[in-house]
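Along the sequence shown, residues carry numbers from 1. Values reported hereafter were calculated over all heavy atoms of this structure, with side chains retained and with hydrogens, waters and symmetry mates removed. Just so we're clear, the structure is a prediction, and the values are computed from it rather than from any experiment.
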Amino acid sequence: MPIQQSDVLYTAVATAENGRDGRVATDDGRLDVVVGPPVEMGGSGTGTNPEQLFAAGYSACFQGALGVVARQDGADVSGSTVTAKVGIGRGDDGFGLIVEISAAIPNVDAETARSLVKKAHEVCPYSKATRGNITVTLA
């Protein structure tokens, strides 16, 4: 069951000006960036783009979920990293996203790493939000 408003512990607020070719900032001023389309989409490549911001958020969230499941399993994920690759492209119904998540977990064997990544994918809020909406693969 989805969370309800009464369950919310924190709400992030960001406002964009001029869409993909402008600026986005959070209400607390901690994030304030120029955004622009990448060269591959006809832009100048200056600034960041929404896909990079999504990849940053997803990888950080997934790393947190990895830590949660590792603690539950008694696994050591210190020194691990999570990379999110977010692609954008045109499909039959307009533009859409695709994501690939990979993790480097140096202190566990490959089978344990795969298991932890699968478990993290089940509990990560970003994974829950995208499940059934976009293709997310675990590498």
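Considering all non-hydrogen atoms of both residues, I101 and A84 come closest at CD1-CB, 3.7 Å. L116 approaches V77 most closely through the heavy-atom pair CD1-CG1, 4.0 Å. Closest of all the heavy-atom pairs between S44 and T46 is OG-OG1, 2.9 Å. For R20 against P37, the heavy-atom pair with the smallest separation is O-CD, 3.3 Å. Taking every heavy atom of both residues into account, V117 and L66 meet most closely at N-CD1, 4.3 Å. P106 approaches S78 most closely through the heavy-atom pair CG-O, 4.0 Å.
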query: What do the steps show when you test T130 against V99 for side-chain contact (heavy atoms from CB on, under 4.5 Å), and what is the final call?
result: CA-CA 9 Å; T130 58; V99 176; 5.8 Å; no

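Under the 4.5 Å side-chain heavy-atom criterion for ILVMFWY residues, a single connected hydrophobic cluster contains both I88 and Y126. Hydrophobic clustering (side-chain heavy atoms under 4.5 Å, transitive across Ile, Leu, Val, Met, Phe, Trp, Tyr) keeps M41 apart from V34. F95 and I134 fall within a single hydrophobic cluster, where Ile, Leu, Val, Met, Phe, Trp and Tyr are joined by side-chain heavy atoms under 4.5 Å apart, directly or via other members.
The closest side-chain heavy-atom distance from V24 to L53 is below 4.5 Å. For the pair D73/K119, a side-chain contact is recorded, criterion being any heavy-atom separation below 4.5 Å from C-beta on. D32 has its side chain within reach of R23: a pair of non-hydrogen atoms, C-beta onward, lies under 4.5 Å apart. Within the 4.5 Å cutoff, side-chain heavy atoms of T48 are placed close to those of V35.
The main-chain N or O of L31 is found under 3.5 Å from a side-chain atom of T26 such that the two form a donor-acceptor pair. A distance-only check finds no donor-acceptor pair linking the side chain of S115 to the backbone of E111 [under 3.5 Å]. No donor-acceptor pair closer than 3.5 Å links the side chain of E51 to the backbone N or O of V86.
Rounded to the nearest 0.5 angstrom, K118 NZ and E122 CD are separated by 10.0 Å. Going from atom CD of Q5 over to atom OG1 of T11 covers 6.0 Å, rounded to the nearest 0.5 Å. Taken to the nearest 0.5 Å, the OG1 atom of T137 stands 9.0 Å off from the NZ atom of K85.
Aromatic ring pairs are classed by plane angle as parallel below 30°, tilted from 30° to 60° and perpendicular above 60°; the pair F62 and Y58 is tilted.
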